[in-house]
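Since this is a predicted model, take the numbers as computed values, not measurements.
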2 protein chains.
Amino acid sequence: MNLRELSTLLGLSQTTVSRALNGYPEVKEATRLRVTAAADKHGYHPNTRARSLATGRAMTIGHVIPVSTKHEMLNPVFADFIAGAGEAYAEAGYDMILSLTPDDQQAGVYRKFAQKKSVDGIILHGPRMGDKRIDMLADLGLPFVVHGRVSDAAKPYAWVDVNNRRAFARAADFLIDLGHQRIALINGLEDMDFALRRREGFETALTARGLTPLPHLMASSEMTEIKGHAAAAAMLGGPNPPTAILTSSLISALGVRRAIEERGLTMGREVSVITHDDVLGYLPNGADVPIYTATKSSVRAAGQTAAKMLLDQINAPQSPLPTKLLEAELTVGQSTGPAPK
Amino acid sequence: MNLRELSTLLGLSQTTVSRALNGYPEVKEATRLRVTAAADKHGYHPNTRARSLATGRAMTIGHVIPVSTKHEMLNPVFADFIAGAGEAYAEAGYDMILSLTPDDQQAGVYRKFAQKKSVDGIILHGPRMGDKRIDMLADLGLPFVVHGRVSDAAKPYAWVDVNNRRAFARAADFLIDLGHQRIALINGLEDMDFALRRREGFETALTARGLTPLPHLMASSEMTEIKGHAAAAAMLGGPNPPTAILTSSLISALGVRRAIEERGLTMGREVSVITHDDVLGYLPNGADVPIYTATKSSVRAAGQTAAKMLLDQINAPQSPLPTKLLEAELTVGQSTGPAPK
DNA sequence: GGTGTCTTTCAAAGCGCTTTGGGTGAGGGG
DNA sequence: CCCCTCACCCAAAGCGCTTTGAAAGACACC
């Protein structure tokens, strides 16, 4: 069923039917009702491709997910972020197209998106230090919102980000208040912008309280159970082991806990652990009482606000570039306690 | 830059330019080179919407991801599956559109996809017992491939699935060979088709070897660390505790291990564990020597083959419906050992 | 009855591409 | 020299929709 068939069926012109369905005022209420009823009955939905060709709007948002060529790994937060964004799109009648792209082909993908006119806007994931994608996208004139920030971008841009610096500073402060002196940081890969900010927050808090960040108590690697375990095991087995550990993700924290228990220690007693928690649906941090003390910030919520911001940009291109800093909340669980005397 | 501009720039007709770019034989090799060079230089890519309107092919595949309305949870395997599928699409020049859809709105989404002509085919995720989506899609006449199977579908359909029954039977056999008698199953939610098959395989293997599957040693819940821990803790703390546990996912297995160690036991000695491992990128099971004995089957690879099957279906609609059963490999790690005397 | 103002409807153009159905000129055979 | 066949290129239709510009009808007012 297409517009022509529907209109001849109704004995009306395509114009009238189209206007009736799209809510234009030039059509009598009675006819509108007749039209919508018929459309419903025959399950008529306008052909997306024809419609976007005519309107110039794709009603589609592109997500470009970087796939590391080195590790072939997909950051598990994307799934939740996209779930959040998807809700916003569904509500606004937008579709989402996903492009898994190796690091080195990113630029081309954005250009193609712009030239093929297949999306009205883009969400940029996983920004890195000195990411050149931002300036490129700004030049393309395609609205976009970044999940995260790039510290040294030349042009202004729209973004949604967690206040990583403050979150990790607060977590460190909390541990220091508990009397901990040797605090370790098990961070994500520090070519990611968010990881850098976390370290900055961590170091700032320590020095502000008169402590010196110790190199042997700072690790940076992929955020997996294995790597978390390895880093923690090395630190706990080395000289001057930490009494507290800050971790960048719940998955690493699982490994850290394993390393602690392997040494016959108890998390929350001999060694305290605070983790950042992206609140992923399949990795709940405790049910009632949270197990891990954590800086919580829902990635899903971030996805939702990023999507809404992008849609706003698309509908009002002249408005100033929106930015949104999400604060993580520090929830206390059973993984922290006073420093052993 | 659009086709008209490009063609006047070259002093050729749109027809010739289009043909040159699309590899038709009616154009001299010299002109083709001239055309492609100009297209490259100006970064010309045909407008997707116009092209698909003209050809009738969307060059897009739809993935409908069910979002449980109850738990609001997104199965983490989707990310890896989609990464695999994405590779296949990128290679074939297809786009992927994602629709996160609450359970109860699935039907509508498929209908819309079909009517709006926005996709050429669909991949169906997370099939359940008695899933009605299959018959519906078959009626719509849109090519589709199911990730998983539906035991009681009325019509034939294309699918890719792991041989869950055999995988779990082999795992159980392996444990029985090691002398285990009280073997537990910590399964996923059993309204999912794959979970049911796993239980069938488990029970079949036990009875074939003269053992009786015990209700108190079979649990079924979401596959999270927390739930895995809870189920294992209950079993190990109850009467007639298991000496071996079969688990449906690596994430649950982490919880199971935690429960074991909490009781002062050692995984692989007092209690053996075998898990199914979907080989997710961010959850590697050991680096060199695998930690967990596991039935391994890469979800990413499944995504890739599913995507290829779908593209084949689209290009040759008359060919018989393809199906592909992937065998899981049983890799031995440190989490299993002979039954304690 | 003529004029003007709304309201309601329509015909047709246009979005950017592919594809059908020629057309033109060069080369070869009779 | 004429005709036929290729090789190469082009004009125009059509994909299904939105939107512009205009026409037709209804109504009121003078």
* **Interatomic distance, K116(B) NZ vs dC17(D) P [rounded to whole Å]** => 13 Å

* Asked: Would one find a side-chain N or O of Y44(A) under 4.0 angstrom from OP1 or OP2 of dC17(D)?
  -> yes

* To do: Using heavy atoms to find the nearest nucleotide of DNA chain C for G11(A) and T16(B) separately, return the residue whose nucleotide is more 5′.
  => G11(A)

* Asked: Would the F113(A) and H63(A) ring centres measure less than 6.0 Å apart?
  -> no

* Check the distance between dA12(C)'s P and Q14(A)'s CD and give it to me in whole angstrom. => 12 Å

* Under 4.0 angstrom between Y24(A) side-chain N/O and dT19(D) OP1 or OP2 -> yes

* To do: Can you tell me the distance, in whole Å, between the CZ atom of R49(A) and the P atom of dT18(D)?
  => 15 Å

* To do: Using only heavy-atom distances, determine whether the side chains of S13(B) and T16(B) contain a donor-acceptor pair under 3.5 Å.
  => yes

* Structure fact -> Judged by nearest nucleotide, the residue sitting upstream toward the 5' end of DNA chain D, L12(B) or T55(B), is L12(B)

* **Integer-rounded Å distance: dC15(D) C1' and N2(A) CG** => 10 Å

* Between dT18(D) and R51(A), is there an OP1 or OP2 to side-chain N/O distance shorter than 4.0 Å? -> yes

* Asked: Counting side-chain heavy atoms from C-beta on, which of dC10(D), dT9(C), dC10(C) comes nearest to S13(B)?
  -> dC10(D)

* To do: Consider the side chain of A54(A), meaning its heavy atoms from C-beta on, and name the nucleotide among dG16(D), dC10(C), dC17(C) that approaches it most closely.
  => dG16(D)

* Asked: Is it true that the side chains of R57(B) and Y94(B) contain a donor and an acceptor less than 3.5 Å apart?
  -> yes

* Asked: Is the F78(B)-H147(B) ring centre distance short of 6.0 angstrom?
  -> no

* Test item: side-chain donor near acceptor, D193(B) and S151(B), under 3.5 Å -> yes

* Look at the side chain of T15(B) against the base of dT19(C) and say whether a donor-acceptor pair falls under 3.5 Å; ignore hydrogens and angles. => yes

* To do: May I ask you to evaluate whether N47(A) reaches the phosphate of dC15(D), defined as a side-chain N or O under 4.0 Å from OP1 or OP2?
  => no

* Asked: Taking CD from E26(B) and P from dC6(D), how many angstroms apart are they, rounded to a whole number?
  -> 15 Å

* Would you please confirm or rule out a distance under 4.0 Å between OP1 or OP2 of dT18(D) and any side-chain N or O of S18(A)? => yes

* Provide, to the nearest angstrom, the distance between the CG atom belonging to L3(B) and the P atom belonging to dA12(D). => 16 Å

* Asked: How long is the line joining CZ of R19(A) and P of dG21(D), in whole Å?
  -> 12 Å

* Starting at atom NZ of K117(B), determine the distance to atom P of dC17(C), rounded to an integer number of angstrom. => 22 Å

* Reckon T31(A) touches a base, only the sugar-phosphate, or nothing at all at heavy-atom distances under 4.0 Å? -> sugar-phosphate

* Asked: Quick one: which of dG16(C), dC17(D), dA11(C) gets closest to the side chain of L53(B)?
  -> dG16(C)

